[in-house]
Structure formats: structure tokens, C-alpha cells
*Asks:* 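Quick one: this structure, given as C-alpha cells, is what I'll be asking you about.
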Amino acid sequence: MSTTQSPPAPGPAATSSLEPAGPRRRRRGARSSDRGASRAFRWLATGAGALILILLVAVAVFLVIKAWPAISMPSDELVEKVGLLRNSSSLLDYVGPLIFGTVLAATLALIFAVPVAIGIALFTSHYAPRRLASTLGYVIDLLAAVPSVVYGLWGALVLSPIVQPVWAWLNENVGWFPLFAGKVSPTARVLLTVAIVLAVMILPIITAVSREVFLQTPRLHEEAALALGATRWEMIRMAVLPFGRSGVISAAMLGLGRALGETMAVLMILSPGFLYSFHILEAGQQQSIAANIAAQFPEADPLGVSTLIATGLALFAITLVVNVAARAIVARRKDFSGAN
Amino acid sequence: MAQRIDVKDLNIYYSDFRAVADIEMAVEPRSVTAFIGPSGCGKSTFLRTLNRMHEVIPGAHVQGTVAMDGVDLYGADVDPVAVRRQVGMVFQRPNPFPTMSIADNVLAGVRLNNKRISKGDAQDMVEQSLKGANLWNEVKDRLDRPGSGLSGGQQQRLCIARAIAVKPQVLLMDEPCSALDPISTLAIEDLIAELKSEYTIVIVTHNMQQAARVSDRTAFFNLAGTGQPGRLIEIDDTATIFSAPREQATEDYISGRFG
């Protein structure tokens with residue numbers, strides 16, 4: 001009697017037939033020829049997305065495991081065993097000034113680079129004749145192709161002698177400003193010089209991303225501003241900059257990430273020190289985490305390496321925090337972003 | 001406030017290509033003039049020469065004169081930015097600034113002219129302009145919300161409010177209803193009928209019923225073929241154009257024989 005029921009109960013024969021059996025299966029894909037490729041692509045894309053997460057977690061796990069011996073050891077024992085810490089009272093005491101130096105150099109670089117990058121991006125997207133704009137864009141991209149060791153050489157051998165008199169002048173005349181105080185270095189191998197080189201290094205990425213964002217400003221919004229009687233600069237302020245705001249912040253964060261992690265240029269230019277010092281014209285004041293690792297790594301014993309990796313973990317954490325903060329800034333005015 | 005526009009021997013070019021040829025017309029103050037004609041006949045291009053917006057496109061230029069109350073908009077010492085502050089424009093698709101609130105959108109043009117307006121003045125101006133655009137009752141409780149959250153018809157009325165907030169002499173509308181549903185279209189058309197008591201309005205439309213409903217005078221544009229410049233075929237009172245046009249081409253177009 002069970003076979004006469006209506007509707008028929010789904011049996012093995014029904015689900016394995018070519019006819020779609022239930023609403024779930026029918027919804028998935030009436031055109032079965034596309035289904036294989038579509039599904040394969042979906043898994044490929046999902047896999048690529050997952051790979052990023054796995055890589056990030058793998059890096060974090062590596063850093064924690066390798067740094068663990070140094071992190072878990074009591075401070076007095078660590079200080080005794082690791083030569084790097086001879087002037088520090090604990091691991092935190094060692095990392096602190098390095099974090100300070102890293103963030104100070106990167107922040108200064110960002111302060112120099114962002115306005116220039118926005119200027120170049122606006123010039124190429126809204127002011128320059130097309131041919132000049134594409135040439136300039138090409139030159140800017142070339143800047144990104146210069147290896148950082150070349151920037152280091154240039155900063156140490158060419159830029160430092162040039163800027164030294166300027167730094168001396170700043171120190172003498174604007175020395176009341178905390179950043180310019182202290183004893184000016186005769187070689188200019190100081191944090192301000194480093195910051196300028198870093199700014200040049202991060203300029204291309206910020207410029208390129210900003211320019212793309214500015215070019216995507218809807219023509220309708222630009223015309224709305226112009227039709228209200230805006231000059232070109234007013235149009236840029238009303239339509240282009242607000243539209244590109246989140247993109248420029250993302251671009252700046254990309255640049256900041258690079259400045260935070262830059263090793264060679266800092267290593268070759270900066271005369272290092274381990275102080276919480278704002279004296280960016282004075283030698284032997286600050287050091288960045290990445291440059292310190294590169295400088296100390298070859299001569300470190302296993303526990304020393306572990307200590308250095310702990311500083312690397314700190315750098316990793318800073319970069320994460322910076323990116324999360326940038327996301328938060330972008331998301332805060334989401335309603336007004338034009339994406340809705 | 002409203003002013004008349006006299007156009008004489010106007011030729012409009014994109015680089016070497018002559019897009020519109022030999023326009024002669026007078027636009028009366030405090031009236032609605034509609035431009036109709038098939039696609040590509042140059043009516044939008046011509047409209048944009050009335051506030052020099054066509055110059056935004058590289059290579060675009062004109063010959064001839066467009067005089068507003070006797071002053072040639074293309075005179076040597078006339079700044080296009082100043083022209084656009086006197087001649088407001090509403091576009092085909094609603095384009096409120098997405099990064100600004102509703103109130104800031106209304107004040108966008110005002111702030112260009114006058115950086116410091118007191119808070120009270122600003123509020124009055126927002127209310128007045130939104131009331132002028134028949135939008136006040138719908139948005140008065142959410143003036144600080146983004147304009148992009150409104151419906152298409154509301155956004156277009158917001159754009160009209162933004163345009164009239166600067167008290168222009170002339171209001172140009174480039175197919176303002178073509179992206180809107182019939183109800184919103186009706187709201188805009190009612191608004192146009194109210195606005196014409198204060199402004200000189202020029203409207204481009206693809207919709208002949210709309211031209212018949214809203215306009216006092218209608219101009220018919222046509223082109224002989226692709227690659228040929230668009231020309232003004234005739235301009236007359238709307239009633240005359242739609243009942244007894246002088247030209248055969250106009251009659252063919254409005255009776256639906258082409259276009």
C-alpha cells in the first residue's frame with residue numbers, strides 16, 4: 001500500500017535520477033553543463049581566500065613558537081643569558097624603544113608621503129594633459145621598482161650630505177620644537193633622513209592607488225559640482241576627495257605597512273640607538289625593529305634569535321593593529337561612502 | 001530674477017566636428033521651454049552650452065553668441081564658473097553627492113559662493129529650498145542622513161533643491177525624468193509648473209507628452225543624417241507645435257512617424 005501514496009515518498013531511485021528531485025536540487029542549477037565549471041571556480045576562489053587566512057595564521061604561529069623561549073623565560077635570567085639585552089632590564093624594555101623608533105620613522109614617512117602622493121595623483125587624474133599624465137604615472141611606478149638597498153645607498157651617500165646643512169639650520173633656528181632639539185648629527189645619518197627616504201619609497205604605491213580611486217569618481221558627481229559653479233579645485237574638494245577618501249586611507253595603510261617593515265634603507269642610513277627619543281636630528285637615538293633584526297641576526301645565539309623573533313612578533317602585531325584601525329576609519333562613515 | 005536668453009548663429013563643435021549648426025532662438029523669462037527631437041540631434045549638447053557645461057569635454061567649443069539679458073556668456077572676460085552660478089542644471093540621472101547629508105547637499109552650491117553662513121541662515125535656506133522642491137515633508141526628519149538613501153524621484157527633487165538654493169536666473173533640465181517612475185515624474189512635472197513663476201526653465205525631454213504637459217514653448221531639433229550637424233527645425237508655442245506645426249518634419253516626429 002505504501003507505493004500508492006501521493007505525493008510519492010522520495011526513494012533512492014528518485015534522487016539519483018536525472019530529474020531534479022526536490023526544491024533544493026532544482027534551485028542549484030537547471031543548466032547542468034555550466035554547473036561543473038561554476039562549482040570548480042567557486043572552490044578555486046574560496047580556496048584562494050582561505051589560503052590568505054592560512055598563511056597569516058601560519059606566520060603568526062611561527063612567530064609565537066620561535067619567540068616562545070624568550071617570552072616565557074623570566075626577565076632576569078633572559079637578561080643574563082642574551083647579550084642583546086645587556087642594557088635592558090627585560091624583553092619588554094628591549095622591544096619598547098624599537099617599537100617607538102619603528103612607529104616614529106613610519107609615521108614621519110607617511111606625513112611626508114601622503115600629501116605629495118595625493119598631489120601627484122590629483123595632478124595626473126584631473127589636471128595634467130593625458131600624455132604627460134601617463135608619462136608621469138610610468139615614472140612613479142618606476143620608483144617602486146628601485147630595490148630598497150639602492151635607496152639605502154642613495155640615502156646614505158647622496159641625500160645625507162645634501163640635507164645635513166638643512167638639518168643643522170633647523171636645529172639652530174627651530175630647535176625649540178621638540179623634534180628638532182638635541183645635538184644635530186654631523187653626518188645626517190638620522191631618523192629624519194630615514195623618514196624622507198622611506199617617504200620616497202612608499203610614494204609610488206600611495207600615488208598609484210589614489211590615482212586609480214580618483215579616476216573612478218563618477219562623472220555625474222563631478223558634473224554636479226561643476227554645474228553648481230565650482231572651480232576645478234572646488235569640484236575636487238566636493239566630489240573627488242570625499243569619494244576617494246576610503247581608497248586614499250587604504251593606500252596610506254599599504255604605504256605605512258611598507259614603511260614599518262622596511263629594513264635595508266633604515267639599516268644603511270640610520271645611526272642606531274635604543275632610546276625613547278623624539279630628537280630626529282640627533283644620531284644614536286632610535287632604531288627600527290626590522291633593521292635591528294637584520295643587524296643583530298648574524299651574530300645571535302639561539303636564545304638571541306628567539307629574542308629577535310619576539311621583536312618581529314611585535315612588528316607583526318603593530319601592522320595588524322594599524323590595518324584594523326584603518327578599516328575602522330573607513331567603516332565609520334560607510335553610509336556616506338557612495339557605495340549604497 | 002528670471003532672465004531671457006537670446007541665441008544667435010550658434011554653432012557647436014567637438015574638436016573639428018560640427019555637432020549643432022546655426023541655432024537662433026529666444027527663451028522667454030518665467031516660462032518653460034522644451035527641447036524635443038530624436039536622439040543625437042544635439043538638444044542636450046545645445047542645452048549644455050547655455051551654462052557652458054559642454055566645455056568640460058576636451059575640444060568642445062562654440063561660435064556665435066548666447067546672451068543673457070544682453071550679456072554674451074561667451075564674452076572674452078566671462079568666467080564659465082560665474083556663468084554656472086547663474087544658470088543651474090539638473091541632470092538626467094539624479095546625482096546628489098553621496099558623501100554629503102541631505103542638508104549639506106542642498107547647501108553645496110551656496111557654500112561655494114559664501115563660505116561662512118550662520119547656522120540659522122543655513123537651516124532656513126535648507127528648509128526653503130526643500131520646500132521649493134516639494135521635498136521638505138518627506139525628509140525634514142532626516143536632514144543629516146545621506147542623500148543617496150532617498151528614492152530616485154526624491155533624489156532628483158533633492159538635486160532641484162540644490163540647484164535652486166543658489167537662486168539661479170535660469171534652470172536647465174536635461175531629461176530630468178528619464179530615470180524615474182511615473183509617480184515621481186508627475187511630482188517633478190508639478191514642481192516645474194510651480195518653479196516657472198520664478199525661473200526661466202529649459203527642459204530637454206524625450207517624452208513628447210511631457211513636453212506638451214509642462215512647456216509653454218517647444219523647440220524641435222532634427223538632423224539630416226549621421227555625421228550631419230543637428231539643427232533647430234522650429235520653435236513655437238507648445239500648443240501650435242503639437243496641433244499645427246509649420247514644418248513637415250515636426251509633424252512627422254510628433255505624430256510618431258519617426259524618432
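Per chain, numbering begins at 1; letters A, B, ... match sequence-line order.
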*Asks:* Side chain, backbone, both or neither: which part of A/Arg130 has a non-hydrogen atom closer than 4.5 Å to chain B?
*Replies:*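 A/Arg130 has no heavy atom closer than 4.5 Å to chain B.
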*Asks:* Please look at B/Arg48 and chain A and tell me whether the side chain, the backbone, both or neither of the residue comes under 4.5 angstrom of a heavy atom of that chain.
*Replies:*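 For B/Arg48, side-chain heavy atoms alone lie under 4.5 Å from chain A.
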*Asks:* Salt-bridge test for B/Arg84 and A/Glu234: reply yes if a basic N is under 4.0 Å from a carboxylate O, no otherwise.
*Replies:*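 Judged by the 4.0 Å cut-off on N to carboxylate O distance, B/Arg84 and A/Glu234 do not form a salt bridge.
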*Asks:* Tell me, for A/Glu223 versus chain B, whether the close heavy atoms (under 4.5 Å) come from the side chain, the backbone, both or neither.
*Replies:* both
*Asks:* What part of B/Pro58 gets closer than 4.5 Å to chain A, counting heavy atoms only: side chain, backbone, both or neither?
*Replies:*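 Neither part, no heavy atoms under 4.5 Å.
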*Asks:* Looking only at heavy atoms, what is the nearest atom pair of B/Val81 and A/Gly229, with distance?
*Replies:*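 For B/Val81 and A/Gly229, the tightest heavy-atom pair comes out as CG1-O, 3.1 Å.
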*Asks:* For the side chain to side chain contact (heavy atoms under 4.5 Å, CB included) test, which of A/Arg219, A/Arg232, A/Met235 pairs with B/Val56?
*Replies:*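 Passing option: A/Arg219.
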*Asks:* Where is the tightest heavy-atom contact between A/His221 and B/Phe97, given as atom of each residue plus distance?
*Replies:*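 What the structure gives for the nearest pair is O-CE2, 3.4 Å.
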*Asks:* By a 4.5 Å heavy-atom criterion (distance strictly below it), what part of B/Val90 contacts chain A: side chain, backbone, both, or neither?
*Replies:* neither
*Asks:* Looking at A/Ala227 and B/Asn51, what are the two nearest heavy atoms and their distance?
*Replies:*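 Closest pair (atom of A/Ala227, atom of B/Asn51, distance): CB-ND2, 4.5 Å.
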*Asks:* Closest approach of B/Asn95 and A/Ala224, non-hydrogen atoms and distance?
*Replies:*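 Smallest heavy-atom distance, with atoms named: ND2-CB, 3.2 Å.
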*Asks:* Crowded around B/Ile183 CD1? As in, over 12 foreign heavy atoms under 6.0 Å?
*Replies:* no
*Asks:* Give a yes or no on this: more than 12 heavy atoms of other residues, nucleotides or ligands lie within 6.0 Å of atom CZ of A/Phe100.
*Replies:*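 Enclosed: over 12 neighbouring heavy atoms sit under 6.0 Å from CZ of A/Phe100.
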*Asks:* Kindly give the heavy-atom pair with the smallest separation between A/Leu228 and B/Ala108, and that separation in Å.
*Replies:*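 What the structure gives for the nearest pair is CD1-CB, 4.0 Å.
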*Asks:* So B/Arg93 and A/Leu220, do their side chains get closer than 4.5 Å, heavy atoms only?
*Replies:*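 Result yes, sub-4.5 Å side-chain heavy-atom pair found.
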*Asks:* Give, for atom CE of A/Met238 and atom CZ of B/Arg111, the distance between the pair rounded to the nearest 0.5 Å.
*Replies:* 9.5 Å
*Asks:* Distance check, rounded to the nearest 0.5 Å: A/Leu241 atom CG versus B/Thr99 atom OG1?
*Replies:* 10.0 Å
*Asks:* To the nearest 0.5 Å, what is the distance between CG (A/Leu226) and CZ (B/Arg52)?
*Replies:* 13.0 Å
